[in-house]
Amino acid sequence: MAAEEIRAPPAPPLYSGEGSQSAPPGGRCSAPLRRRRRHPRSPLAAAMGVLPVPAGVRAILLDVEGTTTPIAFVQETLFPYIRDNVEQYLRAHWEEEECQRDVGLLRQQAQEDSGLDGAVPIPLESGSGDEELERVIRAVVDNVHWQMALDRKTTALKQLQGHMWRAAYATGLVKGEIFEDVVPAIRKWREAGMKVYIYSSGSVEAQKLLFGYSTEGDILELFDGHFDTKIGPKVESESYRRIAASIGCDTNNILFLTDVPREANAAEEADTHVAVVIRPGNAGLTDDEKSYYSLISSFTELFLPSST
Ligand SMILES: CSCCC(=O)C(=O)COP(=O)(O)O
Ligand SMILES: [Mg+2]
């Protein structure tokens with residue numbers, strides 16, 4: 001199944017303005033979990049340190065930041081590159097169609113955000129001249145910095161970031177970091193007949209750059225497809241139903257691995273199996289979350305009965 005085939009569902013209302021998917025500073029925003037775990041790990045599996053993949057699972061859906069890839073790489077390498085280079089990038093590419101589309105999306109997002117504290121509007125270019133251009137570019141830069149300070153996951157911001165990272169990867173300035181257990185585990189899953197997909201707030205283009213120019217080389221062949229926020233926010237259940245429909249399976253044929261409990265919760269509400277991934281540098285989990293979710297700290301802990 002080609003990647004692009006599965007990434008174009010019937011267009012949902014364009015995802016926008018979801019705000020941060022991360023826990024806010026000083027506290028998590030997930031409600032206490034009162035449900036019982038659907039597939040508690042057996043004492044034997046727990047003692048062996050393995051998480052059996054539930055029967056019926058045919059596809060594994062992977063988050064990126066905090067799951068396949070260290071949060072530090074995103075926060076300390078990828079995001080500073082955007083902050084430091086956005087102004088210069090806009091000046092260099094302003095006349096290009098792609099850049100104008102990105103600015104148009106950011107402007108639309110800014111209108112939707114107009115009621116938010118600190119939101120930065122992006123004016124239309126009215127007329128010509130250097131001063132006018134400066135005014136608009138300044139507004140776009142300030143808007144991008146504002147959104148990034150809040151770690152927003154808007155499609156508009158993520159599209160621009162994906163386009164900007166092209167040069168950073170292509171010139172070798174940046175290589176996508178992947179936890180060392182990821183590639184061998186995915187190879188095993190695929191040998192066992194499992195399909196493997198990516199679902200990240202980072203744009204599909206950004207995902208392909210990260211895995212195409214990774215510390216492990218070009219590993220794009222390991223994935224059967226990619227999803228981003230164009231299919232919907234990761235914190236909404238409907239997104240997982242759309243992904244299942246795109247893949248051509250039921251939601252309970254999918255196991256979703258993520259570091260963010262709100263995403264796990266949304267997936268589970270759609271009847272998707274989930275496990276929360278604990279990696280160095282990830283946000284801590286509450287006691288409720290730790291006891292409710294299946295937890296893994298390495299992909300090697302996933303146990304596929306047919307892969308022994
Ligand atoms: C895969 S592109 C870089 C990461 C990024 O921009 C991002 O927002 C990561 O979010 P995720 O959903 O992978 O946690
Ligand atoms: Mg994540």
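In listed order, ligands and their atoms are each counted from 1. Residue numbers count from 1 along this sequence. All values below were derived from every heavy atom in this structure, side-chain atoms included, with hydrogens, water molecules and symmetry-related copies excluded. Remember, it's a predicted structure, so these values are computed and weren't measured experimentally.
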Legend entry - For S200, atoms of ligand 1 separated by under 4.0 Å from a heavy atom: 1 (C), 9 (C), 10 (O), 11 (P), 12 (O), 13 (O)
Legend entry - Among Q147, E112, Q108, Q159, the one residue meeting side chain to side chain donor-acceptor pair (under 3.5 Å) with T154: Q147
Inset, instruction - Mark up the atoms of ligand 1 that fall under 4.0 Å of a heavy atom belonging to V64, in ascending order. - result: 1 (C), 13 (O)
Inset, instruction - Return a yes/no value for W165: is any of its N or O atoms, backbone included, closer than 3.5 angstrom to an N or O of ligand 1? - result: no
Inset, instruction - May I ask you to decide whether E131 forms a salt bridge with R135, counting only side-chain N to carboxylate O separations under 4.0 Å? - result: no
Inset, instruction - Please note down the angle at the Mg ion (ligand 2) between OD1 of D63 and OD1 of D259, to the nearest 10°. - result: 120°
Legend entry - Q207-ligand 1 polar pair, N/O distance under 3.5 Å: no
Inset, instruction - Report the relative orientation of the aromatic rings in Y199 and Y240; use parallel for angles under 30°, tilted for 30 to 60°, perpendicular for over 60°. - result: perpendicular
Inset, instruction - Output yes when the distance from some N or O of ligand 1 to some N or O of Y199 is under 3.5 Å, and no in every other case. - result: no
Inset, instruction - Indicate yes or no: does an N/O atom of S203 lie under 3.5 Å from an N/O atom of ligand 1? - result: no
Inset, instruction - Give yes if a backbone or side-chain nitrogen or oxygen of D259 is under 3.5 Å from a nitrogen or oxygen of ligand 1, and no if not. - result: no
Inset, instruction - For the pair E98 and R166, find out whether any cationic side-chain nitrogen is under 4.0 Å from an anionic carboxylate oxygen. - result: yes
Legend entry - For the Mg ion (ligand 2), the closest N/O/S atom belonging to E65: O
Legend entry - Ligand-residue contact atoms, ligand 1 with A206, heavy atoms, under 4.0 Å: 2 (S)
Legend entry - Backbone or side-chain N/O/S of E263 under 2.8 Å of the Mg ion (ligand 2): no
Inset, instruction - Determine the minimum heavy-atom distance between Q75 and P80, stating which atoms define it. - result: O-CD, 3.1 Å
Legend entry - F299/F179 aromatic ring centres below 6.0 Å: no
Inset, instruction - Look at ligand 1 and say whether F79 reaches it with a heavy atom at a distance under 4.0 Å. - result: yes
Inset, instruction - Just jot down the ligand 1 atoms closer than 4.0 angstrom to any heavy atom of S201, in number order. - result: 8 (O), 10 (O), 11 (P), 12 (O)
Legend entry - Polar contact flag for K234 and ligand 1 (N/O pairs, less than 3.5 Å): yes
Legend entry - N-O pairing of K153 and E65 below 4.0 Å: yes
Legend entry - Chi angles and distances behind the side chain to side chain donor-acceptor pair (under 3.5 Å) call for T155, T229: CA-CA 6 Å; T155 299; T229 55; 2.8 Å; yes
Inset, instruction - Flag the pair R91 and E87 as a salt bridge only when some basic side-chain nitrogen lies within less than 4.0 angstrom of an acidic carboxylate oxygen. - result: yes
